[in-house]
Amino acid sequence: MCDLRVGTSGYDYLDWIEAFYPEQLSRNEFLPYYSKHFNTLELNFSYYRMPTKEQMVRFAQATTGNMDFSIKAHESLTHRVDPHLWRDHARDYIKGISPLMEQDKLNSILLQFPYSFHYTPENRRYLDQLITAMGRLPLVVEFRSAQWMSNRVFDGLRRREVGLCITDTPRLKGLPPAMDVVTSHTAYIRFHGRNEENWWGSDAAARFDYLYSPKELGSWIARIKTIVSVAQKIRVYFNNHRRGQAPANALMLKELLKKAGVITEGG
Amino acid sequence: MERMIVHINITNFMAAVESSKDPSLRRWPFIIAPEKQARAVVLGVSDLAFHEGLQAGMPLNIALKRLPGCRVLVPSTELYETAQRSIYNLAARFSPTVEMRSNGHLFIDLTGTTRIFGHSIDAAATIKQEFQNTLGLDPTTALAVNKVVSKVASRVVRPHGFASVPPGDEGGFMTPQSVTLLPGIGPRLESRMGALGILFMGELGSLTDSQTVVAFGAQGTTLKRHAMGIDTDPVLQNPLLCNRITHGRILETDSNDPQMLRAHLALLCEHAGFTLRSRNRSTTQIHLEFQYSDMKLSGRQATLNSPVHLDRDIYRIASGLMEHLLARRVRVRKLTLSLGRLHRESHQLDLFEPPSSHVLQQALDHLRSRYGQITVQRASSLGLP
């Protein structure tokens, strides 16, 4: 039976008040409130700040039930890689997230690479070394360059038991093709929104300002059904975080999946 | 207007159709082959059997040695043809332009349908959903601006995945793909490309036109264009199942015995002719195709000046085509007869009484429609299943 969960990318957004969080809710209560609605969360802050053990312990304690976390890799490992220091950063990162592992609350670490991370011998070597340095941690890779989307790469990920992130984005030139390929026991899907007008040349807030319609999410049911048949775990995260659209869409997708019988009431 | 072409591919078509008819089959590996025949070969394998290393084209006894106890299903041509027809009908709900290929392959041109079905990527996913819900089949589905790119994309994500290549990025998508995924690359071309150190489409696309012609002959420039993601071929609207009548027969045991093949051909002509007349049609195009033991296909076609509709005439023309196909001395696995260019039946009626051949045909059709197709048949094909 596939363990399928739906959540959002990040939760600590003030513009979710009223749209998702009740008006009187304090910021400290955001996470417990979130965990009443979703049983998985992708942590994004770890991209900007190196996560610490104390933070992770607080995350684990603030949630109830069997909630798990996926966590984005620090930028020093994906976007601003110093060839002399990245191994130290990787060690710090692993140490920082260790409480999640110890409490069995870590689902995946997301290695999201930028458009400029091209399919070159140097980058391939780096990716291989990074995967090795992360040890047996569950990893998922998101590529923004189409050059990586080939069977040669998929087979390499399979051999290393590393997941490939499946994305929903606008269908624009320059974005990688959508490819539902499962390379490890965990399938990982990120919804970035389809804001075609503001995708290029805007800030992140404008780029991810998009609300999926029920029809758009409904068309995903068949794709998720197929993925369910080959993956042991699926994590779906909505990154269209502007104005509480991500939790609205996450709840919408959960409802659609329940109607289709893909997840049960508690899923 | 931006083109939007969906390629649908039902992997392991025969096994997928069998599983959709009987979902309990999905739990165990199975193969499709004529059972208990000395030299029978595997015609289809289920996903689980494929994972166990079994493949279509493998001798049945070898397959059963590799996977003892593997269930063997007898092929059912009628079931597969009915499935093809259902697939076409489903696809035709999304577009008037559907190009039907054999064994669960088809292209659907969704260009200009956004206002009806929404964004093309959602429409493509909805088609996949309809296949799952209506037919119990889970096809590989790929969306791109042309047929070659959508086909390559579906080959990357098979057996059941989904892909969508953004418009304008065809070249970028194709560059890192293996040349073996390119349509038209068989073992010989693949080996030639390997010898020249061309493993990926980007390498093929970077050759000059003259280099490709020297290396791969006249098809070189087309291969290069395809490798770059350039393809202007339209989706050919061939409503296979409406304006074409196709019947096929899989031999229990592969054979190149002309007498045996003629007997099968006679049965095929009777079945196709009966369908033709029941639709009040005659034909001016007869196509016969052989699939040989080595899985290769070969076909011959006759275009006629005046339409025919009698079994006798269809068989006479088809057996002429067969003589050419028998030149290849390889055992035959499957015969497929197609009648195309259908016209309203237009034979000249006799003023007083119809010719005896028409009377005989009418009598045979009457018997067959009342008591079944095999009630009356040629002596040569008696005993054939």
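Below, chain A is the first sequence line, B the second, and so on; all start at residue 1.
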Within the 6.0 Å centroid threshold, strictly below: A/Phe20 and A/His37: yes

Test: A/Glu42 and A/Lys72 ion pair at under 4.0 Å: no

Residues A/Arg158, A/Asp155: salt bridge by 4.0 Å N-O rule: yes

Proximal to chain A - members of residues 119-138 of chain B, heavy-atom separation under 4.5 Å: B/His119, B/Ser120, B/Ile121, B/Asp122, B/Ala125, B/Thr126, B/Lys128, B/Gln129, B/Gln132, B/Asn133, B/Asp138

Under 4.5 Å from a heavy atom of chain A, the part of B/Ser164 involved: both

For B/Lys151 against B/Arg101, the heavy-atom pair lying closest together: NZ-NH1, 4.0 Å

Donor + acceptor pair across side chains of A/Asp168, A/Tyr212 (<3.5 Å): yes

Which of A/Lys173, A/Arg171, A/Arg152 touches chain B most, by non-hydrogen pairs under 4.5 Å: A/Arg171

Among A/Tyr188, A/Phe69, A/Phe191, the one residue meeting ring pair (Phe, Tyr, Trp, His ring centres under 6.0 Å) with A/Tyr237: A/Tyr188

Engaged part of A/Gln147 at the chain B interface, taking heavy atoms whose separation is under 4.5 Å: backbone

Per-residue contact mode, A/Pro170 against chain B (heavy atom under 4.5 angstrom): neither

Six-ring centre of B/Tyr80, B/Arg85 cation under 6.0 angstrom, axis tolerance 45°: no

